[in-house]
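Structure first, then comments.
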Amino acid sequence: MSNIKKQFEALQAAKLKLRNSSADERSGKIQALMNETINRQEDLFKAGHAERGTHDLDIAAEIVMLKTEADFISKNIGKWVKPQKVKGTMNTFGKRCEIRYQSKGVVLNMAAYNAPTAECLLPAFSAIAGGNAVAIKPSEYAPGSAQIIQEIFNKALPADEAQVFQGGVETAQELLSLPFNHIYYTGGNAVGKIVMKAAADHFASVTLEMGGKSPVIIDESADLENAATKIAWGRVMNAGQVCIAPEYVIVHESRKDEFQKLISEKIQALYNSDGKGLENSQYVPRLINERHHQRVTGLIQDAVKKGAKVVCGGTADAKTRYIEPTVLTNVDESMNVMKEEVFGPVLTVSSYKKREEVLEMIGFRQNPLALYIYSKNDENIEYFLTNTSSGSAVVNNNCVQAGTNPNLPFGGVGASGMGVAGGFEGFKEMCNARAIVHQPLDRFRDFLIMLPPYSDRYKNIIMKAIKKS
Ligand code: NAD
């Protein structure tokens, strides 16, 4: 038997013990993981810097995100694990109805590389809160972070409650062949399909946190200076390797030139404030590896070859995996940059005259993970919110909706994902909402009127109920 299978079986054997664990025990485990993560912050900073050239404070912000979630769970889990009474109906008259959130069993969490600490730990918090054992498969593209994450789990939790599996596609595939009860996956949607198919073999439920092309709509009324600042930040952050990053801007044609001028200025203002050049900025991270560097530079070259104009940026250095924050305009649907998720520091700008055109441009693509609207016109804001679909949406800001407020579920829709993360919704995702009906046995409440042979009284009740409805 392979080691992976043996470790999986150890997790399976702990199912019942964990299902019966108390809210305090679960909270204690989450806090132990959190404390160990905080203890290892310096190591995580170093790993993030080596892998993606990330600034320490950006990794620190990821840890704060985790702490917000851990503390929220600890504060609320006592309520969540209690049976939740629900109202009855005529059909359940006399009975007591409740929902119990019962653990699914063993949860597999397969993570991406762009925010490895949060992607490995946050779903694990929800799984543990739900009383599950958890297997974590970090991305092989962030091996330094993955190693520290393994050490954090090993130190905080016993081996039969959580296991970290290192490796690439082969490890992932072996894990996917095992009968996990729930699979939480973060990554691209090509692999998302593989995960979903593998889950079908064992009827495992899935949470798929995927990506897509998140649009930004800027109408005539927008505060452009404000919008350009936030969009520059949202696109360059983590070198564009953010699932909810703005991917393409659709700006009203009356404001297009002004926006293009402002976004170029804001990229400089945020990321070259000391004038030493963007490539020397401590705030401009790197692409994760050579393959992704080539992929993103390839998107710029393909677009330029097909007629795109470079508003700013456009240079790259393969040796350091640097890509200059780039804005392209004059783009069209023949260009790969408009077809694929960029997941790099490249933004495109298109324009519209009538707002119906915006719906066509967005509706033409699969549902995005996020959608951003910059506008001061409430009627326009409602129009765009109502007539589009995305996992989440933000008005007059971007990238502030994930990991910031556990009261908001986070997830995609259609090709950008299914299921949600965070807070009570994330806890429920890791549980079976078990419906329980208690039948009191006294004769006033335990009536068997609906059993054959049917009486006239039963017939009257049923036929009257139909009329009413
Ligand atoms: P990826 O799909 O390449 O890898 C994700 C995981 O799948 C890794 O653990 C990897 O080992 C595994 N994997 C890769 N190929 C596999 C295969 N053939 N069979 C089985 N497993 C396999 O994703 P990535 O490139 O690491 O991440 C980038 C993507 O993730 C982007 O699309 C981004 O939008 C998305 N993302 C989404 C969220 C979210 O919360 N919605 C967050 C971060 C990233």
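Keep in mind that this is a model prediction, so the values were computed, not measured. In listed order, ligands and their atoms are each counted from 1.
- Contacts between Leu369 and ligand 1, counted as non-hydrogen atom pairs separated by less than 4.0 Å, involve the side chain only.
- From the protein, the heavy atom lying nearest to atom 35 (C) of ligand 1 is Gly187 O, 3.4 Å.
- The closest protein non-hydrogen atom to atom 17 (C) of ligand 1 is Val169 CG1, 3.6 Å.
- Counting only heavy atoms of the protein, atom 9 (O) of ligand 1 lies nearest to Ala111 O, 2.8 Å.
- Salt-bridge check for Glu425 with Lys428: passed, with a basic side-chain N closer than 4.0 Å to an acidic carboxylate O.
- For atom 32 (O) of ligand 1, the closest heavy atom belonging to the protein is Glu341 OE1, 2.6 Å.
- Not one N or O of Glu119 is nearer than 3.5 Å to an N or O of ligand 1, by distance alone.
- For atom 13 (N) of ligand 1, a protein heavy-atom neighbour is present inside the 4.0 Å cut-off.
- Of all protein heavy atoms, the one lying nearest to atom 21 (N) of ligand 1 is Ala172 CB, 3.2 Å.
- Listed here is the closest heavy atom pair of Phe343 and Leu287: O-CD1, 4.1 Å.
- Between the side chain of Arg286 and the backbone N or O of Ile323 there is no donor-acceptor pair closer than 3.5 Å.
- Looking at Gln241 against ligand 1, nothing comes within 4.0 Å, counting heavy atoms.
- Residue contact check: Gly211 has heavy atoms under 4.0 Å from atoms 34 (O) of ligand 1.
- Residue-ligand proximity, Gly188 to ligand 1, at heavy-atom distances under 4.0 Å covers atoms 1 (P), 2 (O), 23 (O), 29 (C), 30 (O), 32 (O).
- With a heavy-atom cut-off of 4.0 Å, Asn114 touches ligand 1 through its side chain alone.
- Taking each heavy atom of Asn132 and Gly105 in turn, the nearest pair found is OD1-N, 2.8 Å.
- Considering backbone and side-chain N/O atoms, Glu140 comes within less than 3.5 Å of an N/O atom of ligand 1.
- Ranking protein heavy atoms by distance to atom 25 (O) of ligand 1, first place goes to Tyr113 CE2, 3.3 Å.
- Looking at Tyr141 against ligand 1, nothing comes within 4.0 Å, counting heavy atoms.
- Here the protein heavy atom with the shortest distance to atom 3 (O) of ligand 1 is Val191 CG2, 4.5 Å.
- The proximity of Met110 to ligand 1, defined as any non-hydrogen pair under 4.0 Å, is limited to the side chain.
- At least one N or O atom of Met210, backbone or side chain, sits closer than 3.5 Å to an N or O atom of ligand 1.
- No donor-acceptor pair under 3.5 Å is formed between the side chain of Ser281 and the backbone N or O of Leu278.
- One distance of note links CD of Glu62 with OG of Ser145; it measures 8.0 Å at 0.5 Å rounding.
- A salt bridge does not link Glu333 to Lys306: none of the charged side-chain nitrogens sits closer than 4.0 Å to a carboxylate oxygen.
- Remark: Glu174 does not engage Lys5 in a salt bridge, criterion side-chain N to carboxylate O under 4.0 Å.
- Gln163 places no side-chain N or O within 3.5 Å of a backbone atom of Leu11 that could act as its donor or acceptor partner.
- Considering all non-hydrogen atoms of both residues, Leu175 and Phe180 come closest at O-CE1, 3.3 Å.
- Using a 3.5 Å distance cut-off with no hydrogens or angles, the side chains of Asn154 and Glu151 do not pair a donor with an acceptor.
- Considering CZ of Phe165 and CZ of Phe8, their distance stands at 9.0 Å, rounded to 0.5 Å.
- At a 3.5 angstrom cut-off on N or O pairs, Ser139 does not count as close to ligand 1.
- For the pair Arg26 and Phe427, the cation-pi test (distance below 6.0 Å, angle within 45°) is failed.
- Considering both main-chain and side-chain atoms, Gly168 never comes within under 3.5 Å of ligand 1 through any nitrogen or oxygen pair.
- Of the protein's heavy atoms, Tyr185 OH, 2.7 Å lies nearest to atom 2 (O) of ligand 1.
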